[in-house]
Student: 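Once you've had a glance at the structure underneath, I'll fire off some questions.
Letters A, B, ... mirror the listed sequences (proteins, then strands); counts begin at 1.
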There are 2 protein chains.
Amino acid sequence: MTERKMRNRWMILLGALSMASSAFAQTWIWYPGDYEIWLGNQMNNRRTERGAFFPPFWKTDSHYVVVEFSKKINLAEPEEIQIAAEGKYNVKLDGKLQFGMPEKFQLPAGKHSLNIKVWNQATPPAVYVKGKTVKSDASWQVTYEDKEWIDESGKASDTSATIYMDAGSWNFNEAAQRPSAFQLEREPQQPVAQTAQPEGGVLYDFGKETFGFITLKNLSGKGTIALYYGESPEEAKDKAYCETLDKLQLESGRVTDLAINRTSSLDNGASNEYTLENSKAFRYVYVTHDPGVQIGAVSMQYEYLPETYRGSFRSSDEELNRIWEVGAYTMHLTTREFFIDGIKRDRWVWSGDAIQSYLMNYYLFFDSESVKRTIWLLRGKDPVTSHSNTIMDYTFYWFLSVYDYYMYSGDLHFVNQLYPRMQSMMDYVLGRTNKNGMVEGLSGDWVFVDWADGYLDKKGELSFEQILFCRSLETMALCANLTGDKAGQQKYEKLAGALKAKLEPSFWSDQKQAFVHNRVEGKQSDAVTRYANMFAVFFNYMSADKQQATKHSVLLNDSILKITTPYMRFYELEALCALGEQEAVMKEMKAYWGGMLNEGATSFWEKYNPEEKGTEHLAMYGRPYGKSLCHAWGASPIYLLGKYYLGVTPVKEGYKEFAVTPVLGGLKWMEGTVPTPNGDIHVYMDTKTIKVKATEGKGYLTIQSRRQPKANLGKVEKVSEGVWRLWIDSSQERVVNYR
Amino acid sequence: MTERKMRNRWMILLGALSMASSAFAQTWIWYPGDYEIWLGNQMNNRRTERGAFFPPFWKTDSHYVVVEFSKKINLAEPEEIQIAAEGKYNVKLDGKLQFGMPEKFQLPAGKHSLNIKVWNQATPPAVYVKGKTVKSDASWQVTYEDKEWIDESGKASDTSATIYMDAGSWNFNEAAQRPSAFQLEREPQQPVAQTAQPEGGVLYDFGKETFGFITLKNLSGKGTIALYYGESPEEAKDKAYCETLDKLQLESGRVTDLAINRTSSLDNGASNEYTLENSKAFRYVYVTHDPGVQIGAVSMQYEYLPETYRGSFRSSDEELNRIWEVGAYTMHLTTREFFIDGIKRDRWVWSGDAIQSYLMNYYLFFDSESVKRTIWLLRGKDPVTSHSNTIMDYTFYWFLSVYDYYMYSGDLHFVNQLYPRMQSMMDYVLGRTNKNGMVEGLSGDWVFVDWADGYLDKKGELSFEQILFCRSLETMALCANLTGDKAGQQKYEKLAGALKAKLEPSFWSDQKQAFVHNRVEGKQSDAVTRYANMFAVFFNYMSADKQQATKHSVLLNDSILKITTPYMRFYELEALCALGEQEAVMKEMKAYWGGMLNEGATSFWEKYNPEEKGTEHLAMYGRPYGKSLCHAWGASPIYLLGKYYLGVTPVKEGYKEFAVTPVLGGLKWMEGTVPTPNGDIHVYMDTKTIKVKATEGKGYLTIQSRRQPKANLGKVEKVSEGVWRLWIDSSQERVVNYR
């Protein structure tokens with residue numbers, strides 16, 4: 001399906017919407033994905049390593065520099081519009097160029113075409129139009145090549161194949177809110193402790209992992225100031241190996257940031273204060289300076305994306321509650337302009353990390369704008385020259401994340417807008433398959449899987465990669481269907497079916513009772529790892545008996561290489577939950593995430609191996625403080641508790657239909673809220689009672705109970721032995737007694 | 001052939017060169033094509049129409065925003081380098097990131113890798129490195145994705161498929177010469193006449209077509225000033241229809257340019273002077289203002305690219321000499337940051353216009369940098385979403401121009417650098433062929449051919465387009481061979497051969513003794529036009545007897561639709577010259593270009609129909625002054641006189657071997673110089689003597705003479721009846737007497 005066809009479909013939908021209500025506020029608009037890519041470049045290029053600028057190693061895309069915005073209008077009476085633009089622009093009414101770059105413009109009554117064309121090399125072309133009825137919003141059309149040539153008589157071409165998309169937007173609803181000026185919020189925070197060090201300098205402790213800009217007050221004198229940041233006191237105190245640092249030169253009331261060669265005057269109004277230009281992640285900052293320098297006080301500007309904690313979880317287990325809280329804080333720190341991996345490192349947007357953030361987000365903030373921004377950025381622009389972040393598995397997660405988002409949000413428009421780039425991304429993958437129709441790591445492909453404390457073979461056909469590939473093809477078929485691309489749907493269904501049929505013959509080992517790790521030149525390897533087996537479980541790619549077999553042969557088998565990242569524990573525990581092992585998973589969660597808390601974690605880590613001791617926990621990548629101690633993928637209990645204990649999931653897109661299947665998993669009681677697009681589902685459960693209140697959508701509450709449960713409303717039906725269900729179709733609270 | 005393979009081949013060549021001499025000066029470097037595209041955006045976006053910003057309607061590409069520059073070095077002793085960059089950057093030595101953005105850096109002795117990575121959204125990432133031996137130049141490698149991931153132990157990836165290119169550069173050889181600050185030269189010029197107009201205002205005449213920025217001196221008072229530009233006095237005086245204008249608001253010593261809403265103070269140091277920010281093309285400027293405004297004087301800053309007139313032509317015919325001079329001036333005005341079409345309109349870079357500029361340039365400036373810049377810009381970036389400038393024929397000219405450039409310059413490196421983008425451009429074309437392997441105008445394709453004063457059918461298979469397509473495939477095969485892509489060479493040769501074999505069966509009409517214009521649904525049309533026939537002649541796509549037949553049935557046949565653009569007259573006259581009709585062409589040149597001179601032209605026009613009268617000559621596109629009166633394609637005598645009268649052409653690339661075949665074409669005498677890459681070929685001829693002095697290269701002088709000519713040096717050989725040749729292998733002047 002072409003972008004043009006999609007537009008037509010969407011216009012029909014938009015028409016319906018705009019008749020119903022004023023569906024869109026006037027807002028700054030741009031080419032969809034372009035602002036996201038530009039803002040992502042700002043984000044990804046803020047990483048530093050010991051004072052060096054550290055950009056990503058994959059292709060950094062950019063915005064279309066000339067974009068045309070257009071709108072067909074029909075006015076009952078003349079109307080004046082206000083126009084603001086980021087870039088040099090022109091205005092055309094009915095094809096006629098107007099003088100200059102008008103900030104106000106009079107539209108005549110009747111049917112007209114309004115076109116605004118903007119050029120901007122540095123930041124994405126964007127416009128804001130405000131009139132009584134005419135206003136810039138997602139119903140405007142945008143293109144990067146209007147192909148409006150004329151012939152020698154001045155007649156415009158009529159064979160143009162211009163591709164129009166719906167304009168992209170976020171929440172910049174005032175003319176003065178220029179998209180390129182966007183910044184996160186800031187709030188001053190003070191250290192909770194400061195300790196002069198015997199060898200000189202002061203170590204400041206901000207009490208917990210945090211993120212922002214250090215402020216130095218009452219600065220005077222002349223000399224160098226050094227700031228060494230640490231997520232641990234060891235890191236901050238280790239001048240030679242701490243991962244991030246800053247160096248300043250103070251002289252004559254001016255400070256030069258030596259990493260970026262930029263000089264600025266002290267803020268005299270604010271008592272000779274200086275705030276650093278680049279933010280850092282830290283709990284501790286060790287500040288040293290030349291003898292000629294005086295520093296009055298050290299504080300910080302905490303930087304954050306404002307988020308509402310729409311999801312919640314409380315239970316009878318205080319350790320579990322603390323795990324949820326620290327998980328939520330970890331998520332908040334890593335939910336910024338985009339969902340990033342970790343705040344100290346890499347401060348980049350990674351697809352495999354992001355898909356987990358999205359899933360956690362659906363149970364915490366339900367911030368759809370952040371999901372969409374991140375998906376656009378990760379995809380970037382054509383041509384595709386490598387896998388997402390160069391990682392094969394990350395490409396597949398990217399596909400999966402789109403359908404996840406659709407299911408949680410019900411946002412068909414986003415799928416429509418994105419689908420052409422899904423197609424070209426899949427074309428890239430299909431162009432790299434082998435004669436079996438499978439993917440292998442070719443030159444330039446990073447086959448990642450996981451960070452592991454043991455050898456993971458990356459050669460040949462990895463069962464794990466084929467499973468993700470197969471799921472991606474199924475996702476393409478689903479999205480093709482959603483966007484009306486019937487031919488695409490058939491093509492992807494056929495490819496998915498063919499690949500799925502090869503999985504068991506290629507990878508199942510009767511002897512191992514598991515999927516083996518890989519196949520090299522047609523030969524199954526001896527290695528069995530958890531990865532493929534756990535994904536096969538929750539994708540339902542194995543028969544029920546094989547699923548049960550792998551539970552014992554792999555998932556609960558301690559001789560199989562253990563997972564030491566919260567990243568893959570996310571899926572491992574999800575697989576066990578899908579097999580009904582909530583009690584075992586509860587113990588694992590308490591041991592693993594509780595283990596980090598016992599080590600003093602105030603946010604969750606990139607990697608945690610319970611067998612390590614002391615400062616071993618800080619090291620990674622061959623560096624003593626290489627590990628990120630605030631990593632989004634560390635927060636997975638947020639997702640597991642919402643999805644597999646409160647048990648809330650969408651059955652139809654956007655929670656039009658939901659499922660609530662609460663499982664205590666050993667807790668005495670639990671309660672919590674799961675947000676939905678325009679409401680929420682509150683669940684309380686103890687050993688005798690379940691209460692559910694859903695403010696939108698309809699769905700089944702499923703109850704495990706020996707006897708028939710009693711409900712305050714509605715009829716409890718039997719599903720199978722010991723399993724009952726209750727249809728919920730109103731926002732009134734259901735109270736069910738069971739046992 | 002991949003870009004990587006190309007690099008390896010080039011590196012061998014570079015190695016050889018750098019052993020021989022210091023082949024490259026230190027210079028600012030960038031990703032090849034990126035600066036050219038960025039600078040082209042500046043150029044293409046300066047067009048205005050009556051005070052409105054008027055950007056192109058095709059996709060505007062942009063630079064890679066993160067680029068890594070690298071160089072392997074081997075130092076006998078330590079060395080300090082100076083580093084300048086446009087953008088935020090880091091420096092890595094042997095993979096280790098260095099603190100900050102060092103402006104000086106100490107390199108240790110021995111073998112090392114030096115990497116500099118730069119991020120810049122607004123202008124192309126560029127670096128300048130200057131040391132005793134280490135210096136940034138075209139031997140540096142660049143990439144937009146280095147794919148340097150590490151594993152959990154910190155080990156760098158070894159499977160990277162990073163594509164490196166040789167760095168791009170121009171002539172920014174000092175650190176202070178930042179590429180993004182590039183500007184053409186300026187020179188103050190005064191009007192030759194000024195006439196107060198009865199209805200108010202003053203009309204200034206600058207004496208001839210020119211280009212630059214109007215300066216107003218001794219400005220005072222308050223009110224509006226309007227400037228109406230004209231290539232003719234009629235245009236300047238027509239406030240309602242002149243193509244370009246400016247409006248200024250003067251108040252309290254500050255001027256606001258109302259077209260761009262920018263305010264600046266008068267330059268008091270220069271007697272309250274104001275110079276406009278955007279340049280314009282004009283000969284006349286009509287300046288009016290409110291009564292409250294006083295203007296002292298009006299002058300201009302002429303803006304130009306400095307060029308050496310390496311080519312020259314003088315003859316016994318003064319009108320012809322004037323044609324050559326006005327042609328050279330037309331070329332100079334339109335040779336700017338790029339070869340543009342016209343200076344008033346469109347001020348854009350068009351592929352069909354540019355290929356003619358390149359060819360004229362080889363006989364005038366021999367400015368290879370301008371050719372390369374223009375070719376890079378016209379190609380833009382992948383993905384290809386339309387033909388070059390949206391025009392099918394213009395895509396084909398683009399291919400042809402690359403091999404032309406190679407033949408005149410001998411610059412194999414450029415072909416190597418460009419070849420991957422030639423491949424993807426041809427992939428686009430091949431993806432749009434019909435079942436006959438021919439091109440037809442599909443939706444979104446502009447089938448241009450020419451501006452014609454009569455109906456040109458654009459439907460179906462145009463013979464003209466197939467001929468250009470065939471030549472493009474042949475060009476691809478030649479370039480594939482040059483770059484060592486044997487598989488590509490075979491593929492393109494096969495495609496070219498198959499298409500060429502179809503030309504006569506598809507388009508030759510025995511009845512018409514010509515190629516017909518087009519074929520629609522397999523049926524030849526009745527129309528015969530000049531276009532396909534003349535290209536078939538000088539591409540040698542017809543047998544000699546068919547060529548002679550078309551000469552009479554088409555080229556010299558007045559009943560065939562006449563060509564009224566100098567654009568297609570270029571090829572029409574070239575075809576006649578190729579058929580030995582220099583005398584007829586001389587008459588045509590004098591009539592046509594002499595005709596423009598008689599109409600008062602001071603530069604040559606976009607279109608000239610001798611049958612039109614008075615102000616009819618100014619109109620085009622349905623607008624009274626729509627026609628450009630300074631259009632590069634108007635200057636073709638420059639090319640024809642150099643190639644077909646002085647008769648100088650390269651036989652092997654870069655004039656390693658040349659041909660000199662002078663033809664007086666009715667002149668009593670002529671003399672001139674044709675530049676070669678590092679020298680020139682001077683030719684003098686009268687009815688009895690030919691003198692040739694070539695300061696580089698070797699080649700044959702061909703002489704038409706009834707009797708055996710006599711030479712001062714070397715032996716004159718007989719080629720055929722009345723045709724003789726003399727081998728020239730030194731820079732000593734050859735003097736040949738003939739008759």
Student: Under 4.5 Å, counting heavy-atom pairs only, tell me which of Lys147(A), His63(A), Met101(A) racks up the most with chain B.
Tutor: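 Heavy-atom pair counts peak at Lys147(A).
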
Student: Based on non-hydrogen pairs under 4.5 Å, which of Ser62(A), Ala452(A), Pro56(A), Gly51(A) is most in contact with chain B?
Tutor: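 Of the options given, most contacts go to Gly51(A).
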
Student: Please look at Ile391(B) and chain A and tell me whether the side chain, the backbone, both or neither of the residue comes under 4.5 angstrom of a heavy atom of that chain.
Tutor: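 Neither part.
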
Student: Counting heavy-atom pairs under 4.5 Å with chain A, which one of Leu258(B), Val67(B), Val91(B), Asp61(B) comes out on top?
Tutor: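 Sorted descending by pairs with chain A, the first entry is Leu258(B).
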
Student: Any side-chain donor paired with an acceptor under 3.5 Å for Gln121(A) and Thr123(B)?
Tutor: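 No, no side-chain donor-acceptor pair sits under 3.5 Å.
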
Student: Only pairs of heavy atoms separated by less than 4.5 Å count here; which of Ser386(B), Ser424(B), Ala619(B) has the most with chain A?
Tutor: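 Among the listed options, the one with the most contacts to chain A is Ser386(B).
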
Student: Within this structure, what is the OH-CD distance for the pair Tyr621(B) and Glu152(A), rounded to the nearest 0.5 Å?
Tutor: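 With rounding to 0.5 Å, OH (Tyr621(B)) is 8.0 Å from CD (Glu152(A)).
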
Student: Any heavy-atom pair between the side chains of Asn261(A) and Pro102(B) that's under 4.5 Å?
Tutor: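 With C-beta onward as the side chain, the pair stays apart.
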
Student: Which one of Ser153(A), Gly622(A), Gly626(A) has the most heavy-atom pairs closer than 4.5 Å to chain B?
Tutor: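 Looking at each of Ser153(A), Gly622(A), Gly626(A) in turn, Ser153(A) comes out on top.
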
Student: Looking at Asp151(B), Ile260(B), Thr48(B), which has the largest count of heavy-atom pairs under 4.5 Å with chain A?
Tutor: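 Of the candidates given, the most pairs with chain A belong to Asp151(B).
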
Student: Specify which of Val65(A), Thr385(A), Val66(A) makes the most heavy-atom pairs with chain B at under 4.5 Å.
Tutor: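 If we count pairs closer than 4.5 Å to chain B, Thr385(A) comes out on top.
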
Student: Taking the side chain as everything from C-beta on, heavy atoms only, tell me whether Pro55(A) gets closer than 4.5 Å to Asn90(B).
Tutor: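 When only atoms from C-beta onward are counted, Asn90(B) and Pro55(A) do touch, with a gap below 4.5 Å.
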
Student: By a 4.5 Å heavy-atom criterion (distance strictly below it), what part of Glu103(B) contacts chain A: side chain, backbone, both, or neither?
Tutor: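 The side chain, not the backbone.
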
Student: Which pair of non-hydrogen atoms, one from Pro383(A) and one from Asp382(B), has the smallest distance, and what is that distance?
Tutor: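 The pair with the smallest heavy-atom distance is CD-O, 3.2 Å.
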
Student: With side chain to side chain contact (heavy atoms under 4.5 Å, CB included) as the criterion, how do Thr60(B) and Tyr64(A) come out once you've worked through the C-alpha distance, each side chain's angles and the decisive distance to 0.1 Å?
Tutor: CA-CA 7 Å; Thr60(B) 301; Tyr64(A) 294 116; over 6 Å; no

Student: Which residue in the set Trp446(A), Trp58(A), Tyr394(A) passes ring pair (Phe, Tyr, Trp, His ring centres under 6.0 Å) when paired with Trp149(B)?
Tutor: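 Among Trp446(A), Trp58(A), Tyr394(A), the one meeting ring pair (Phe, Tyr, Trp, His ring centres under 6.0 Å) with Trp149(B) is Trp446(A).
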
Student: What's the shortest heavy-atom distance between Trp119(A) and Asn45(B), and which atoms?
Tutor: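 Minimum heavy-atom separation between Trp119(A) and Asn45(B): CE2-ND2, 3.2 Å.
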
Student: Output the option from Asp257(A), Asn120(A), Thr143(A), Thr390(A) having the highest count of non-hydrogen pairs under 4.5 Å with chain B.
Tutor: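 Looking at each of Asp257(A), Asn120(A), Thr143(A), Thr390(A) in turn, Thr390(A) comes out on top.
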
Student: Most heavy-atom pairs under 4.5 angstrom with chain B, which of Arg50(A), Met620(A), Lys88(A)?
Tutor: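 Going by pairs under 4.5 Å, I would pick Lys88(A).
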
Student: Check whether Phe99(A) forms a cation-pi arrangement with Lys247(B) (NZ or CZ under 6.0 Å from the six-membered ring centre, at most 45° off the ring normal).
Tutor: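 Yes, Lys247(B) lies over the aromatic ring of Phe99(A).
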
Student: Which atoms of Phe54(B) are under 4.5 Å from chain A, going by heavy atoms: the side chain, the backbone, both sets, or neither?
Tutor: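 Both parts, backbone and side chain.
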
Student: Looking at every non-hydrogen atom in both residues, tell me the closest pair between Leu97(A) and Phe53(B) and how far apart they are.
Tutor: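 Closest heavy-atom pair between Leu97(A) and Phe53(B): CD2-O, 4.0 Å.
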
Student: Can you say whether Asn389(B) sits under 4.5 Å from chain A via the side chain, the backbone, both, or neither, judging by heavy atoms?
Tutor: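 Contact with chain A involves no heavy atom of Asn389(B) at all.
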
